Structures are given as C-alpha cells and as structure tokens.
Amino acid sequence: MPSTLTLQTPPNFCLARAVCSYGYFALAPNQWQYTGPKRCGTFHRPLKTTDNQTIHTIITQPVPRKLLVKTAQSLPRSQHTHIKSQINRMLRLDESFTQYHRLAKTAARDKFARLLRSPTLFEDIIKTMTSCNVAWSGTIRMNQRLCEHFGADNDFPTPAELAKATIPQLKNKCKVGYRAQRILKFARDVHSGKLDLTQFQNPKTPTDQLHDALIKIHGIGPYAAANILQHLGRYDRLPIDSETIRHFKTVHNTTGSITQITRAAQKHYAAYHPNQFLAYWHELWSAYEKKSGPTYKKSTLIL
DNA sequence: GGTAGACCTGGACGC
DNA sequence: GCGTCCAGGTCTACC
C-alpha cells in the first residue's frame, strides 16, 4: 500500500524552479513531468531506504510551502526521516539564499538558487564525470545506461553495485568510453572505504581544502571540482568550460584567449562573492530559457 | 609551469 | 552507407 509523506518548504520555494534549474533533472533516474499551468509538474525519483531497498517516489507541490511525497510501495514510518533527508538534499531545503537574493534581485524574482542535486554526493560526482568531455546527449545516455544495467530497479547504482562492474562492461553497456576506468576506481574506492565522502560534507572545511581533495580524485579536474563544490553548497568557484567561454563571447562580447576570458568571467561575478556560481548559472540558465522557453515545461533538456 | 597529444563517443558532413 | 572530422575535460609525458 502506497505511503504519503509531507515536507515543509522554505518561503518562496517553487518545486518546478528547484528541479528545472539544473540539467540533472533530465538525467536518469530523475524524471520531471510538466502537468500544466495549474499544478505545474511532478518529480519522479527512486530513493533508497536505510536497508538499501529502492522506493519509487513522486513529489509534488500542491500548495505553497508544502511538498507531497507519494511512494509506490508501502514505507514503514521508521524510514520516513531517511527518505525526507534525501529529498531535502536534492532540493536544498535547508539552505538559505537570502544573502545572494539581496544582491541578485532578478534571481530572487525568479525564485532561482536551489539547483537540483542528487540524493548522494556519490551520484553527483559520477554525474559530473559523465558530463566531462562529451556532448550533453552523451551524458543523458550514459546515466540512462548506468541505471538500466547496474542500478537496482532502475535506480542510480550505489558504490557497491558499481564496484562489481568491470571496465569492458562499463564501456560496452554504458558507452562511457575512457571514463570507465575512472568511474570504476572511484566506485571501488568509495565502496572499500578508501575514499570517505563524508569528509567532503563537513561545513567547517575551507573551500580551498575541499577543492584540493577533489582534484586528487582520478578524473576530477578544475571544471569538475568547481562543479562538485557547488553540489556541496560552495558557490565561490566558477566551473569554466567551453560553454562559459561561448557565453562570454556571445553575450558579453568578450574577446581574447581562454585565460583572458576566464579572468573576465571571474571579475564579472566577483561582486556576488561568495555566490559567484549562482550568479553565473542564473545568467546562463536565463539565456538558455530566453532562447528555448521555460525549462519546467519540458521533460528533458536539449542543448 | 606550460603545452601537445591521447583518451572515447556520437553527431555532422561530404561523398 | 561509409569514412572523416570535430567537440568535449582530464591526464600524462615532455620541454
């Protein structure tokens, strides 16, 4: 028998905005369905219980300040807190963006800041690895196949599930290419306890220290590290990639070498410290929506 | 410290 | 349909 959970949201929280302001909403096993202007949309996402059972959930926002979570399977009351904490992480319900919104009035108006992330840091890091050096369509495909072939009940694979894979399996079934070795090493290091991901989630650790630790993971470079830092709630680094360069060339008419454009970008967002990433992402996302229409009205993201 | 080339895949393009 | 080229971020070897 299905269960229903409720969560209180911060003021001005908008589920559609929170889910559809970061590309991960289009990556498996996440699924967003636009249901029209009245109820806006539903977010489908399998989550794990403490004993590693997969629970399929459907999240809606029927009224302001309240989220409704319906589970496909019966969920014991003892599991409610665990499921809620994963939703809390995904939608960043605990974070305050008052300081950023004070400076960024348009972002405040757009209810923009709570960028979707995964229930676990492990999934965020693998998703980041699959977004490097590949077209967005490739990232979508890799995540779809990782869930299909290695995740229980089409959920995203856990470190244990992925650690059992082999490099040829990852290459042939998931088409992750040369990333296979990096993904597998990361999964096995996490599974064996050699790499403790909880160390990255200590709010007292300085961002520089976190960045240095992330860079030490095989397959994580400057772009990926900055991207993972924002998943950790650190917004003072810019993940400079080809998209950033393109954005600055076309929107800001910036010219010069990549190093010069990178410096121009850092200078441009410096006023938003320590939330430079949010300012950058809001600008990028707004430019995309201006061109392609509101993202929350779509079920996927075409770049 | 800076730089070139390799790593893989899929899409675009020409034939 | 086939072959070629290109884009994408990180790593490694080399200067």
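Given the structure is predicted, the values throughout are model-derived calculations rather than measurements. Residue numbers start from 1 in every chain, and the chains themselves are labelled A, B, ... in the order their sequence lines are given, proteins ahead of strands.
Listed by residue number, Arg141(A), Arg145(A) are the residues of residues 137-148 of chain A with a heavy-atom contact under 4.0 Å to DNA chain B. Of all the residues in residues 231-262 of chain A, Asp241(A), Ser242(A), Arg246(A) reach under 4.0 Å from DNA chain C with at least one non-hydrogen atom. Using a 4.0 Å cut-off on heavy atoms, the residues of residues 207-218 of chain A that approach DNA chain C are Ile217(A), His218(A), listed by number.
A donor-acceptor pair under 3.5 Å is absent between the side-chain atoms of Arg263(A) and the main chain of Gln260(A), judged by distance alone. One N or O on the side chain of Trp285(A) and one on the backbone of Cys20(A) form a donor-acceptor pair closer than 3.5 Å. The backbone N or O of Thr9(A) lies less than 3.5 Å from a partner atom in the side chain of Arg65(A), making a donor-acceptor pair. Formation of a donor-acceptor pair under 3.5 Å by the Thr60(A) side chain with backbone atoms of Pro62(A) is not found in this model. In this structure, the side chain of Glu283(A) does not engage the main chain of Tyr280(A) through any donor-acceptor pair within 3.5 Å.
Checking Arg45(A) against Thr57(A) by side-chain atom types alone, no donor-acceptor pair falls below 3.5 Å.
With ring centers used as reference points, Tyr24(A) lies under 6.0 Å from His231(A).
For the pair Asn133(A) and Arg182(A), both in contact range of DNA chain C, the more 5′-proximal nearest nucleotide belongs to Asn133(A).
Listed by first and then second residue, the side chain to side chain donor-acceptor pair (under 3.5 Å) pairs involving residues 89-98 of chain A are Asn88(A)-Asp94(A), Arg89(A)-Asp124(A), Arg92(A)-Gln230(A), Arg92(A)-Tyr235(A), Glu95(A)-Tyr235(A), Ser96(A)-Thr98(A) (not counting sequence neighbours).
Look at CZ on Arg179(A): it is 13 Å from C1' on dC11(C), rounded to the nearest Å. A straight line from CE of Met129(A) to C1' of dT10(C) spans 11 Å, rounded to a whole angstrom.
In summary, contact between chain A and DNA chain B, defined as any nucleotide atom under 4.0 Å from a heavy atom of the protein, begins and ends at dC7(B) to dG11(B) in the 5' to 3' direction.
At the heavy-atom level, Ala224(A) lies under 4.0 Å from the strands shown only through sugar-phosphate atoms.
Axis angle, first five pairs versus last five pairs of the helix from dG1(B)-dC15(C) to dC15(B)-dG1(C): 40°, rounded to 10°.
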Carefully, step by step, assess Leu195(A) and Phe200(A) under the rule side chain to side chain contact (heavy atoms under 4.5 Å, CB included). CA-CA 10 Å; Leu195(A) 182 63; Phe200(A) 294 103; 4.2 Å; yes
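By the 6.0 Å contact criterion, CD1 on Ile258(A) is open, its count of non-hydrogen atoms from other residues, nucleotides or ligands being 12 or less. For NZ of Lys185(A), the number of neighbouring non-hydrogen atoms (other residues, nucleotides, ligands) closer than 6.0 Å is 12 at most.
Heavy-atom minimum distance, Thr139(A) versus Ser131(A): OG1-CA, 3.4 Å. Shortest non-hydrogen contact noted between Pro29(A) and Asp155(A) is CG-OD1, 3.6 Å. Listed here is the closest heavy atom pair of Ile240(A) and Ala265(A): CD1-CB, 4.3 Å.
With hydrogens and angles left out, the side chain of Tyr223(A) and the base of dG8(C) share no donor-acceptor pair within 3.5 Å.
Between Phe112(A) and His282(A), the two ring planes are tilted [angle within 30° to 60°].
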